[in-house]
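Note: hydrogens, waters and symmetry copies are ignored here, and every other heavy atom, side chains too, is used. Note that the structure is a prediction, hence the values are computed from the model and not measured.
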Amino acid sequence: MGRGRVQLKRIENKISRQVTFSKRRAGLLKKAHEISVLCDAEVALIVFSTKGKLYEYSTESSMETILERYERNAYVEQQLVTNDAEPQGCWSLEYPKLKSRIEVLEKNIRNFMGGDLEPLSLRELQYLEQQIDTSLKRLRNRKERALQDQNNMLAKKLKEKERTVTEQQNQMAQNSSPLMPTFPSLTIGYFTS
């Protein structure tokens, strides 16, 4: 016999409600993981129990990155909807977003400097390590390009100096005659006595 359709309404029995919450939460987390793997989608899932306990899931990128992306998209959509809204209203909505963004950025800076790493999960630490590696690669590439540019510039200057010296030597060689001494012309006359 198959399961019937579940009527969606609040479960009154606390124990049944908790059991259902645990089962459904596990299923929801499983589905979030499946959609992220199957569809290569970035997924962030946040669930708070009735007691306030936090359950979360995020794909390879960190929860903060996905939430920042969500806030940017939500802000753009809000700007499109409330394009004619009063400027003061927008500023009052913008302040909490900016404040939370500053807090996230300050936390990230502390993490990059090696502080506040204890509360991070293994996945967050791996993501942090990946970001640091990526930044190091970019810095190395930039430095190598700068050194290569400087090297090319110095090689060009050296060639110009060598060409100038060669031209000066050629001019000096053309101006002086080849080792033949020049003597003033003498007139020889005969004297008769």
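- Under the 4.5 Å side-chain contact rule for hydrophobic residues, L54 and L67 share a cluster.
- Two different hydrophobic clusters hold V37 and V43 under the rule that ILVMFWY side chains link at heavy-atom gaps under 4.5 Å.
- Two residues are said to be in side-chain contact when any heavy atoms from C-beta on lie closer than 4.5 Å; F21 and I11 fail this criterion.
- In this structure, E144 CD and L147 CG are separated by 8.0 Å, a value rounded to the nearest 0.5 Å.
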One pair to check against side-chain contact (heavy atoms from CB on, under 4.5 Å): L139 and R142. What are the steps and the verdict? CA-CA 5 Å; L139 284 172; R142 256 191 244 152; 4.2 Å; yes
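- Residues V19 and L28 are members of separate hydrophobic clusters, defined by side-chain heavy-atom contacts under 4.5 angstrom among Ile, Leu, Val, Met, Phe, Trp and Tyr.
- Taking the side chain as every heavy atom from C-beta outward, S49 and R25 never approach each other to under 4.5 Å.
- To the nearest 0.5 Å, the span separating OH on Y127 from OG1 on T65 amounts to 3.0 Å.
- For K97 against S100, the heavy-atom pair with the smallest separation is O-OG, 2.9 Å.
- Under the 4.5 Å side-chain contact rule for hydrophobic residues, I132 and L105 do not share a cluster.
- Looking at every heavy atom in both residues, N13 comes nearest to I15 through OD1-N, 3.0 Å.
- Here the CD atom belonging to E71 is positioned 7.0 Å from the CD atom belonging to E68, to the nearest 0.5 angstrom.
- Taking CG of N170 as the reference point, atom CG of N175 lies at 11.0 Å (rounded to 0.5 Å).
- Checked by atom type and distance alone, the side chain of N111 pairs as donor or acceptor with a backbone atom of G115 at under 3.5 Å.
- Both L125 and L136 are part of a single hydrophobic cluster, where members link through side-chain heavy atoms under 4.5 Å apart.
- In D40, the CG atom is not crowded: 12 or fewer heavy atoms of neighbouring residues, nucleotides or ligands sit closer than 6.0 Å.
- Put simply, the side chain of T50 does not reach to within 4.5 Å of the side chain of F48, judged on heavy atoms.
- A donor-acceptor pair shorter than 3.5 Å can be found between the side chains of N152 and Q148.
- Note that the CD1 atom of I109 and the CD1 atom of I102 stand 10.5 Å from one another [nearest 0.5 Å].
- Using a 4.5 Å heavy-atom cutoff, the side chains of F112 and S135 are not in contact.
- Among R145, K143, R138, the single residue meeting the side-chain contact (heavy atoms from CB on, under 4.5 Å) criterion with N141 is R145.
- Remark: K159 NZ to T166 OG1 distance equals 13.0 Å, nearest 0.5 Å.
- Counted within 6.0 Å of CZ on R17, heavy atoms from surrounding residues, nucleotides or ligands total more than 12; the atom is thus considered enclosed.
- Atom CE of M172 has 12 or fewer heavy atoms from other residues, nucleotides or ligands within 6.0 Å.
- Here the side chains of I46 and M63 are in contact, with some heavy-atom distance below 4.5 Å.
- Between A41 and T59 the shortest heavy-atom distance is O-CG2, 3.3 Å.
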